[in-house]
Enquirer: 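Let me begin by handing over the structure; questions about it come next.
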Amino acid sequence: MTTTAQQHIGSGFGAHSTAEDVLRGIDLSGKLAVVTGGYAGLGLETTRALAGAGAHVVVAARRPGTAEKALDGQAEVAELDLADLESIRRFADAFLASDRSADILVNNAGIMACPETRVGPHGWEAQFAINHLGHYALANRLWPALARDGGARVVAVSSAGHMRGGIHWDDVQFTHGYDKWRAYGQAKTANALFALHLDTLGRDAGVRAFSVHPGPIMTTLQRHLTTEEMTELGWIDEHGTVRTDFKTPAQGAATQVWAATSPRLAGEGGAYCVDCDIAGPDAVREWATDPDQAARLWALSAELTGVDAFA
């Protein structure tokens with residue numbers, strides 16, 4: 001099997017499809033899904049849709065109390081801070097100790113365009129650390145559960161923000177001149193490259209991976225942006241009205257749910273998806289689909305986190 005080409009497959013769904021739409025007729029009874037940040041925004045819609053189709057969902061939450069209230073019994077909640085490698089280890093160890101398989105892992109949680117923030121004992125740039133390194137470490141620590149039964153899928157939530165630039169190999173932590181949008185672009189490129197290389201490594205065990213762009217949606221992800229910034233970006237008008245082509249959270253969650261469950265993707269993997277389909281080459285930059293850069297990023301991530309299930 002080779003990495004799936006970036007060509008539309010005609011899924012029958014589109015930009016206006018919802019997470020419930022793409023799951024219609026799919027029975028996830030007996031399946032277990034892990035969703036990071038699955039209690040707000042796209043994550044909450046993803047959790048609700050998967051649970052509604054019969055899956056048992058484990059929501060990995062930095063604020064478990066808040067998650068419990070938002071989910072109201074729809075999912076199991078466990079504490080996880082993606083900025084803290086020890087927290088990731090504790091979460092994964094507890095999950096593995098439960099002797100359960102993981103059929104779906106949705107790396108959904110993330111931050112965008114935040115002020116310069118350093119996390120962890122090594123002072124990593126927060127967007128790269130939380131959006132990419134934390135999810136990299138989580139997937140590797142959960143690998144025994146993902147690989148146990150074969151057929152698992154891992155979905156990395158990337159973004160069209162990856163078009164802002166690739167990996168800044170000479171300074172991935174932005175120690176010399178922080179730019180919040182360049183850092184966000186790097187983190188979203190990293191999400192796509194992570195899925196590409198995990199798919200390469202995991203396919204012999206039956207584990208396939210995809211990255212997705214949810215589309216433009218107004219959620220708590222924009223919390224670090226001012227009204228003025230969002231107006232300048234064209235996301236809202238001078239009255240605060242959101243652009244008409246923005247998706248609802250249920251529509252935004254559809255692509256990650258589709259990538260995690262669609263029978264049309266059986267035997268496929270490594271692709272970047274948009275609007276509930278594999279994206280065409282015009283929708284993804286070459287630096288996010290380069291297998292050599294994907295392997296290089298994997299090696300760097302293993303070095304930084306000290307975790308590599310395939311070493």
Side-chain angles (χ1 to χ4, degrees), residues 17-23 28 31-53 55-84 87-88 91-92 95 102-114 126-127 129-132 134-139 142 153-159 161 184 187-188 191 194-195 209-224 246-261 273 276:
S17 300
T18 66
E20 287 189 0
D21 290 337
V22 302
L23 282 170
L28 298 179
K31 302 292 186 182
L32 187 147
V34 177
V35 182
T36 66
Y39 59 102
L42 302 186
L44 179 57
E45 294 294 339
T46 297
T47 297
R48 285 172 172 166
L50 294 173
H56 178 82
V57 184
V58 178
V59 169
R62 185 172 60 86
R63 298 173 297 159
T66 301
E68 294 278 9
K69 290 179 182 177
L71 292 163
D72 193 26
Q74 296 176 83
E76 177 185 341
V77 175
E79 185 172 4
L80 172 70
D81 184 349
L82 288 164
D84 183 347
S87 173
I88 295 166
F91 173 89
F95 186 90
D103 303 289
I104 296 168
L105 170 61
V106 183
N107 291 341
N108 165 85
I111 56 174
M112 179 179 74
C114 61
Q127 296 188 78
I130 293 169
N131 295 355
H132 167 61
H135 281 126
Y136 164 89
L138 176 64
L142 287 179
R153 289 192 195 172
V154 177
V155 179
V157 180
S158 180
S159 165
Y184 180 66
K188 295 292 102 178
N191 292 147
F194 159 80
F210 299 88
S211 59
V212 304
H213 167 44
I217 311 115
M218 216 36 102
T219 68
T220 55
L221 188 65
Q222 285 88 356
R223 62 187 175 274
H224 295 295
F246 267 46
K247 296 182 179 184
T248 66
Q251 291 169 337
T255 302
Q256 58 209 59
V257 172
W258 177 79
T261 64
C273 304
C276 306

Enquirer: Keeping Asp81 on the side-chain end and Ser87 on the backbone end, is there a donor-acceptor pair under 3.5 Å?
Expert: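 Answer holds: no.
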Enquirer: When you measure from the side chain of Asp103 to the backbone of Leu32, do you find a donor-acceptor pair of N or O atoms at a distance under 3.5 Å?
Expert: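 Looks like yes, one N/O pair under 3.5 Å.
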Enquirer: Using the salt bridge (charged side-chain N to carboxylate O under 4.0 Å, His left out) rule, collect all pairs that involve residues 38-52, keeping only residues at least two apart or in two chains.
Expert: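 Counting only pairs at least two positions apart or across chains, the salt bridge (charged side-chain N to carboxylate O under 4.0 Å, His left out) contacts touching residues 38-52 are Glu45-Arg48.
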Enquirer: Students often mix this up, so state it plainly: with edges at 30° and 60°, are the rings of Phe91 and Phe95 parallel, tilted or perpendicular?
Expert: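 Judged by the thresholds at 30° and 60°, the geometry between Phe91 and Phe95 is parallel.
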Enquirer: What's the separation between atom CG in Leu82 and atom CD1 in Ile130, rounded to the nearest 0.5 Å?
Expert: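 Atom-to-atom, Leu82:CG and Ile130:CD1 are 7.0 Å apart.
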Enquirer: Output the distance between atom OG (Ser17) and atom CD (Gln251), rounded to the nearest 0.5 Å.
Expert: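 Taking OG in Ser17 and CD in Gln251, the distance rounds to 8.0 Å.
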Enquirer: Under the side-chain hydrogen bond (donor to acceptor under 3.5 Å, both in side chains) rule, collect the residues that match up with Asp21, sequence neighbours excluded.
Expert: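 Counting only residues at least two positions away or on another chain, Asp21 forms a side-chain hydrogen bond (donor to acceptor under 3.5 Å, both in side chains) with Thr18, Arg24.
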Enquirer: Between the main-chain N or O of Ser158 and the side-chain N or O of Ser211, is there a donor-acceptor pair closer than 3.5 Å?
Expert: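 Looks like no, no N/O pair under 3.5 Å.
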Enquirer: Do the side chain of Asn131 and the main chain of Ile111 share a donor and acceptor less than 3.5 angstrom apart?
Expert: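 Answer holds: yes.
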Enquirer: Glu68 side chain to Val77 main-chain N or O, any donor-acceptor pair under 3.5 Å?
Expert: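 Side chain of Glu68 to backbone of Val77: no pair is present.
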Enquirer: Under a 3.5 Å distance rule, please check whether Lys31 uses its side chain to pair with a backbone N or O of Ile104 as donor and acceptor.
Expert: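 Looks like no, no N/O pair under 3.5 Å.
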Enquirer: Quiz question: by atom type and distance under 3.5 Å, do the side chains of His213 and Thr255 form a donor-acceptor pair?
Expert: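 No, Thr255 and His213 have no side-chain donor paired with an acceptor closer than 3.5 Å.
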Enquirer: Please report the interatomic distance CD(Gln74) to OG1(Thr47), rounded to the nearest 0.5 Å.
Expert: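 Rounded to the nearest 0.5 Å, the CD-OG1 separation comes out at 8.0 Å.
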